Amino acid sequence: MESVPQRLTILHTNDIHSHFETMSPIAAGIAGLKAAAGEEAVLLVDIGDHMDRAAVETEGTMGQANIDIINLTGYDAVTIGNNEGLTFSPETLAAIFSGLQCPVVCCNFLDAATGQPPQWMRQHAIVEKNGIRIGITGATAAFTSFYSLLGWEVMEPEEALREQCRLLAQQADIVIILSHLGLPADKLLAERLDGVHAILGGHTHHLLEQPLLINGTAVCGAGKFGRYLGRLQFERPEAGRPFRLVSGGCVELDQQLTESVIAPAAALHLQQGREALEETVAITGHELQLDLLGESPFGNLLAQAVRRFTGTRLSLVNTGQLLGPLPEGNITAGMLHSLCPSPINPCIVKLKGRDIRTALVQSLTEAFCLKPIFGYGFRGKVLGSLAADGLKILYDPAVMPYDNSIAVFVEGEPLEDETEYEVGTLDMFTFRSGYESIANGRNPVYLVPHFLRDLLRMELQRPGSLEESAGIRWLDRGAL
C-alpha cells in the first residue's frame, strides 16, 4: 500500500502591537486555513510584540487582554518582543504569563539573579501534531542595557539558539525558531545555523511575500499589526524521511472578516480598559495649550516633569510626544494615556553645550518639528519642537534656518559649547532618532520602567506646576 504523505501547516503572526481591531479578522483567517487543512496538522505561533501599552485594552488590563485573546485564538507557542519584555515589570510579566495556555519560548532571556529563565518561560518546547514532533525555540532582541535595569540578562542570541537547535534536532521532526530579532539577524542565523527548517521573524516588521531560502532554511516575516498571516507548508512522503518545504508566503487578511469569539472579547476588554483608566489624577483650572512648532505650556509641563524626575539642571523633550492639549477640569489616567501613549522612558545623559545648541537651533525649523518619526517606542506622528526646562533661549525668528543666532543660558550663565552638562531627556534620542545631536551624550542612564505619562501625573500633582509651565523659556529678541 502506498504511504500517505504527512503534512504540516505552520501559521504565524508577529508585531500585532495590540491592534485589537485586527484580532477578530486574524482569528477568522486562521479558522479558514485550519478548515482548509482538514485533518492535516496545523501549528499556530506568534513572534512577539503582541502587546503594546499604547492600546487602552493593554494599558487598562496590564496585558491580560492580550493573554485572553491569545488563549481564545488557540496559539500553540509564542515568544516575547521588546514591548513585552521592556514595558512591563518582572512581577507583571509573571502575573500575566501565568495565565497563558501555551508555552512562552525564548532561549536568550534569563533572570539575572538566578541565571535561569523565569518560571513562565521555556528555552525550547516540543509540540506534537498528528504524530509530528515540532521543536520550537525562540530569541528576542538583546537590549541589554535596558533589560539589566529590570533584572533581566538578555544574551546575544546566536550561541543560545545554536545550543537549543542542536538539542531539538535529536528529538524533533521539524525545528523552527521564533525570532524577534529582525530580518538582518534572521538572514545571518540562517547562514550560520544548521538543521533549522524555518526562522519565523518579527521586530523589523518585514513582510516577505515568499520565504527567503538560505542554507535550506525558510526565512519568513508577516509584516505588522495583523494585516497578514504567515503560512508555511511542509510535507514528507513517508515516515523516516525528512520534511521538506512545499510552499510558503503571507496571506493578506480581509479586515471585514469577523467571528463570534474574539470580536466580543475584544469589545469587553476595551470597556474594561476604559473603566480601569477612569481614575482622577489631577484637576486643572485651565487648559494647557500645545504647539508642535514652538513653545507651549503643555510642552513646558512635560519638560518640567522630566527635569524634576531626573534631578538634572536642565531637560530637553520633544513636544511630539504629546498628542493634544491638556483640557481644563478633571484629568484621568485615561486622558494622560491618550495624550501621551508612547512607551518611552526618561534618561540622563552628559551632553556638551554645542550639542544642546545644535538641537535647539534645529527645533526652530519646520523641517525638524514636522518630521515624521517611526519606531523607537514613539507613538506620535511628528517629532515636534523641543521643550526645555532649566534653560532660557534668546532667538531671532527672522533669521535664516540654521543661522546660529541663539543665546542660551543655564541658570543665568551662558551655555558653554565645550562644557558637559547633565541633561534629562528621552531614551529615543539616544538611538539617534529625531534630534540626533542629543545622542552624542555620554553615559546614558535609563530610568525604566517609568513612562512619560507617569511623570506627567506626578508633575500635575505638584503644587505650582501649572503656573510654572506658563513661564517663557524661548524669548524673541525682537520683543525684548
Side-chain angles (χ1 to χ4, degrees), residues 279-342 344-348 356 359-360 363-364 368-369 380 382-395 397 406 408-412 415 421-426 428-429 434-435 438 447 450-476 479-480:
E279 175 194 3
T280 296
V281 300
I283 298 176
T284 62
H286 58 274
E287 181 182 73
L288 295 189
Q289 290 292 327
L290 175 68
D291 185 353
L292 298 181
L293 294 174
E295 184 174 10
S296 57
F298 199 16
N300 288 346
L301 187 82
L302 179 60
Q304 289 170 200
V306 170
R307 186 169 76 89
R308 287 193 170 271
F309 188 78
T310 58
T312 53
R313 294 176 67 188
L314 61 105
S315 62
L316 296 170
V317 302
N318 64 308
T319 56
Q321 301 291 342
L322 303 170
L323 304 190
L326 186 74
E328 177 185 358
N330 187 52
I331 306 301
T332 66
M335 284 183 186
L336 292 184
H337 176 261
S338 66
L339 290 171
C340 191
S342 300
I344 281 178
N345 307 116
C347 69
I348 302 169
I356 296 171
L360 293 171
S363 177
L364 292 169
F368 271 82
C369 294
V382 297
L383 179 61
S385 56
L386 271 182
D389 195 39
L391 293 177
K392 292 289 184 183
I393 307 113
L394 301 182
Y395 74 103
I406 64 171
V408 185
F409 298 87
V410 183
E411 296 176 344
L415 181 82
Y421 297 87
E422 198 167 60
V423 178
T425 189
L426 311 181
M428 75 174 234
F429 289 147
Y435 294 102
I438 298 175
L447 303 178
H450 305 282
F451 292 158
L452 298 182
R453 55 183 173 270
D454 301 326
L455 275 58
L456 282 171
R457 177 176 181 150
M458 288 184 273
E459 184 66 6
L460 283 168
Q461 294 171 350
R462 183 176 67 84
S465 63
L466 269 64
E467 291 73 16
E468 286 181 27
S469 72
I472 303 300
R473 281 76 157 167
W474 292 81
L475 303 169
D476 180 351
L480 296 178

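Only a predicted model underlies this, so the values are computations on that prediction, with no experimental measurement involved.
The side chain to side chain donor-acceptor pair (under 3.5 Å) search around Glu328 returns none, not counting sequence neighbours. In terms of the side chain to side chain donor-acceptor pair (under 3.5 Å) criterion, Asp291 has no residue partners (sequence neighbours excluded). For Glu459, the side chain to side chain donor-acceptor pair (under 3.5 Å) partners two or more places apart in sequence, or in a different chain, are Gln304, Arg462.
A salt bridge is absent between Glu422 and Arg313; no separation between the charged side-chain nitrogens and carboxylate oxygens falls under 4.0 Å. One finds no salt bridge joining Lys392 and Glu411 here, because no Lys/Arg side-chain nitrogen approaches an Asp/Glu carboxylate oxygen to under 4.0 Å.
The closest side-chain heavy-atom distance from Ile393 to Phe409 is not below 4.5 Å. Considering only heavy atoms from C-beta on, Leu452 stays 4.5 Å or farther from Asn345 through its side chain. Between Phe451 and Ser342 the shortest side-chain heavy-atom distance does not fall below 4.5 Å. Between Met458 and Leu455, some side-chain heavy-atom pair lies under the 4.5 Å cut-off. Using a 4.5 Å heavy-atom threshold, the side chains of Thr425 and Cys347 count as touching.
Nearest heavy atom pair, residue Ala303 against residue Ser315, reads O-OG, 2.7 Å. Heavy-atom minimum distance, Leu326 versus Phe298: N-CD2, 3.7 Å. Annotation for Ala305 and Leu456: closest pair CB-N, 4.2 Å, computed over non-hydrogen atoms. Nearest approach of Phe429 to Val317, heavy atoms of both residues: CE1-CA, 4.4 Å.
Atom CG of residue Leu316 and atom CG of residue Leu360 lie 6.0 Å apart, to the nearest 0.5 angstrom. Here CD of Glu279 is found 10.5 Å from CG of Asn330. Values are rounded to the nearest 0.5 Å. Between atom CG of residue Leu386 and atom CG of residue Leu391 there is a gap of 10.0 Å, rounded to the nearest 0.5 Å. For the atom pair Ile356 CD1 and Leu415 CG, the distance stands at 5.5 Å (nearest 0.5 Å). Note that the CG atom of Leu339 and the CG atom of Leu290 stand 9.0 Å from one another [nearest 0.5 Å]. In this structure, the separation between CD on Glu295 and CG on Asp476 is 11.5 Å, given to the nearest 0.5 Å.
A donor-acceptor pair under 3.5 Å is formed between the side chain of Arg453 and the backbone N or O of Cys340. Proximity of a side-chain donor or acceptor of Thr284 to a complementary backbone N or O of Gly329 within less than 3.5 Å is detected. Under the 3.5 Å distance criterion, the side-chain polar atoms of Thr312 are matched with a main-chain donor or acceptor of Leu314. At least one donor-acceptor pair under 3.5 Å links the side chain of Thr310 to the backbone N or O of Val306. Formation of a donor-acceptor pair under 3.5 Å by the Gln461 side chain with backbone atoms of Ala282 is not found in this model.
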*List the steps and the verdict of side-chain contact (heavy atoms from CB on, under 4.5 Å) for Ile438 and Leu426.*
CA-CA 9 Å; Ile438 298 175; Leu426 311 181; over 6 Å; no
_Assess the residue pair Thr319 and Ser385 against the criterion (side chain to side chain donor-acceptor pair (under 3.5 Å)); give the C-alpha distance rounded to whole Å, side-chain angles, the decisive distance to 0.1 Å, and a yes or no._
CA-CA 6 Å; Thr319 56; Ser385 56; 3.1 Å; yes
_Worked verdict on Leu288 versus Leu301 for side-chain contact (heavy atoms from CB on, under 4.5 Å)_ = CA-CA 9 Å; Leu288 295 189; Leu301 187 82; 3.9 Å; yes
*Could you go step by step and tell me if Thr332 and Val281 meet the side-chain contact (heavy atoms from CB on, under 4.5 Å) rule?*
CA-CA 5 Å; Thr332 66; Val281 300; 6.0 Å; no
*Evaluation steps, side-chain contact (heavy atoms from CB on, under 4.5 Å), between Val382 and Leu292*: CA-CA 8 Å; Val382 297; Leu292 298 181; 3.9 Å; yes
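For the side-chain contact (heavy atoms from CB on, under 4.5 Å) with Ser469, the lone residue among Asp389, Leu302, Asn300 that qualifies is Asn300.
A perpendicular orientation is assigned to the rings of Trp474 and Tyr395, their planes being inclined by more than 60° (bins at 30° and 60°).
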